[in-house]
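Since the structure comes first, as structure tokens, the remarks are kept for the end.
Throughout, protein chains are lettered first and strands after them, A, B, ... in sequence-line order, and every chain is numbered starting at 1.
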Amino acid sequence: MTESVLLHIETPEPFSYKETVNYLRRSANEPLYQVEGDTVYRLIPSGSGEKPAAVEIRESGNGGLLVRVIGEERVSDERQRGIEAYIREWFDFDTDLLPFYEMAEKDPLLVHTIGRFHGLRSVGISDLFEALCWGIIGQQINLAFAYTLKRRFVEAYGQSVVREGRTFWQFPVPGIIAALKPEDMASMQMTGKKSEYLIGVAKLMAEGSLDKQSLLALGDFAAIEKQLTGIRGIGPWTANYVLMRCLRLPNAFPIADVGLHNSIKALTGSEAKPAISEIRRMAEGWKGWESYATFYLWRILY
DNA sequence: GCCCAGGATATCG
DNA sequence: CGATATCATGGG
């Protein structure tokens, strides 16, 4: 085994590592992390100029997470803090789940999910470009195919490092995608529209007119949503998906999501998928927790 | 072969 | 403004 450094990260209450890994395991085609047994491997970006850290994450025997930084014999305190902060954000450690559970206990749709997935936290997508691209890629196609496209996209335009025989992929940076033409992505079965949207978003980010910090600085939910939906290829669903997974706004709500509809349909035993107006009624008690409700409902089917 | 998929946009009435 | 057509490709 190569040299490595071990870090320990405290976990909040409640938190289920098992449910988190179950979520991460849902596609074997996920290119940005790998799950083997109960161990997770991925790259974690570092500060400007520094190379990303290749890490192995598992559950520590006496609570908490054990993170092994692979291939580094020494990791500065600052780098350690960066890795810890990344993981805390990825698994949403700073949210107090108890109010959500109190609300969900009285909700006919959510009550079953919070028992079944107890301790699951909303897994995030820290990188804005990745979150936007993943939303665009996932539009109107089934998830299995979406993962196939994502893998092809990452392996075609992303960078990778090899540690201990394992390949770690990094999501492509906007500058690379901004220089492409839609035809370049045709061979990976990316449709013309998706390619066009991906390149458009990449250009905005590469030229500096779109970034996570500026969006968050807008403060107001509606203002951020409006800025996103003003971008070609980003409608209400994608905007709310990104607000939820990347900007971590608790009231983000991709209400038009087909997966959400199918989960509700299954839970209610209904013949047909619910109308948007019905969902809006069912979600009246979710105020401030729409994002978590959606994440938990997704877990029923995916 | 058919229906559906973690939608968005353009167009029409 | 709300409804409808079109896109575009694989999964099951």
Side-chain angles (χ1 to χ4, degrees), chain A residues 22-32 109 113 117 120 122-125 128 130-156 181-204 210 225-249 252-267 270-280 282-283 286 290-302:
Chain A
N22 279 345
Y23 172 80
L24 296 178
R25 236 198 290 272
R26 73 188 177 143
S27 174
N29 260 326
E30 168 59 59
L32 299 175
L109 272 183
T113 69
F117 308 115
L120 173 67
S122 171
V123 175
I125 300 173
L128 177 64
E130 179 191 336
L132 286 164
C133 290
W134 180 224
I136 290 167
I137 288 172
Q139 289 169 2
Q140 187 56 21
I141 60 175
N142 61 73
L143 255 183
F145 181 42
Y147 272 111
T148 300
L149 285 180
K150 180 181 174 187
R151 172 171 287 282
R152 289 177 186 160
F153 184 74
V154 169
E155 292 183 353
K181 297 287 168 211
E183 311 88 81
D184 298 331
M185 285 183 262
S187 62
M188 60 174 79
Q189 323 307 330
M190 196 79 81
T191 64
K193 292 283 188 199
K194 281 188 200 302
S195 304
E196 180 192 323
Y197 297 161
L198 293 171
I199 293 167
V201 168
K203 282 181 173 163
L204 288 177
L210 175 65
E225 184 184 30
K226 191 175 174 190
Q227 166 121 22
L228 286 176
T229 54
I231 299 168
R232 186 170 164 74
I234 301 178
W237 177 84
T238 309
N240 276 271
Y241 184 83
V242 171
L243 292 177
M244 169 183 171
R245 307 272 333 260
C246 182
L247 301 185
R248 301 306 223 159
L249 302 189
F253 194 19
I255 194 168
D257 186 83
V258 181
L260 177 70
H261 300 178
N262 283 328
S263 294
I264 293 174
K265 174 168 174 265
L267 281 172
S270 172
E271 286 288 322
K273 282 183 284 193
I276 297 293
S277 56
E278 294 177 272
I279 301 175
R280 204 160 268 135
M282 289 186 260
W286 302 354
E290 291 90 340
S291 161
Y292 255 91
T294 303
F295 197 74
Y296 268 59
L297 287 170
W298 275 341
R299 295 302 294 136
I300 299 282
L301 297 180
Y302 306 113

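Contact annotation: K273(A) reaches the phosphate of dA5(B) (side-chain N/O to OP1 or OP2, under 4.0 Å). Within the 4.0 Å cut-off from OP1 or OP2 of dG7(B), not a single side-chain nitrogen or oxygen of R232(A) is found.
Heavy-atom minimum distance, V123(A) versus F295(A): N-CZ, 3.4 Å.
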Show the distances under 3.5 angstrom between N or O atoms of the protein and N or O atoms of nucleotides 1-3 of chain B.
none

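F117(A) meets the ring-ring contact (aromatic ring centres under 6.0 Å, His included) test with no other residue; sequence neighbours excluded. With sequence neighbours excluded, the residues satisfying side-chain contact (heavy atoms from CB on, under 4.5 Å) with P182(A) are S195(A), I199(A). Every residue was checked against the side chain to side chain donor-acceptor pair (under 3.5 Å) condition with R299(A), not counting sequence neighbours, and none meets it. Under the rule for a salt bridge (Lys or Arg N to Asp or Glu O under 4.0 Å), the partners of E155(A) that lie at least two apart in sequence or sit in another chain are R151(A).
Across the protein-nucleic acid pair, W237(A) atom CH2 and dA5(B) atom P stand 13 Å apart, rounded to whole Å. Between the C1' atom of dA5(B) and the CH2 atom of W134(A) lies a distance of 12 Å, rounded to the nearest Å. The CG atom of L228(A) sits 15 Å away from the C1' atom of dG7(B) (whole-angstrom rounding). Spacing between atom CG of D257(A) and atom P of dC4(B) amounts to 17 Å, rounded to whole angstrom units.
Base engagement by Y241(A) is indicated by at least one non-hydrogen atom pair under 4.0 Å involving a base atom. Among the atoms of the strands shown, none is found under 4.0 Å from any heavy atom of I255(A).
Rounded to a whole angstrom, the distance from the P atom of dG12(C) to that of dG7(B) is 16 Å. Separation of the P atoms belonging to dA8(B) and dG11(C) is 22 Å when rounded to the nearest angstrom.
Nearer to the 5' terminus of DNA chain B, by closest-nucleotide assignment, is the contact made by N262(A) (compared with the other of N262(A) and P236(A)). Between I234(A) and L143(A), the residue anchored nearer the 5' end of DNA chain B, judged by the nucleotide with its closest heavy atom, is L143(A).
Defined by atom type and a distance below 3.5 Å, a donor-acceptor pair is present between the side-chain atoms of R248(A) and S122(A).
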> For every nucleotide of nucleotides 6-12 of chain C, 5' to 3': is a protein heavy atom under 4.0 Å from its base (B), only from its sugar-phosphate (S), or from neither (-)?
Replying inline: --SSBS-
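Side-chain atoms of H261(A) and I276(A), non-hydrogen and from C-beta on, do get closer than 4.5 Å to each other.
Using modelled atom types, one side-chain atom of D184(A) and one backbone atom of K181(A) make a donor-acceptor pair closer than 3.5 Å.
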> Could you go step by step and tell me if R232(A) and E196(A) meet the side chain to side chain contact (heavy atoms under 4.5 Å, CB included) rule?
Replying inline: CA-CA 9 Å; R232(A) 186 170 164 74; E196(A) 180 192 323; 2.8 Å; yes
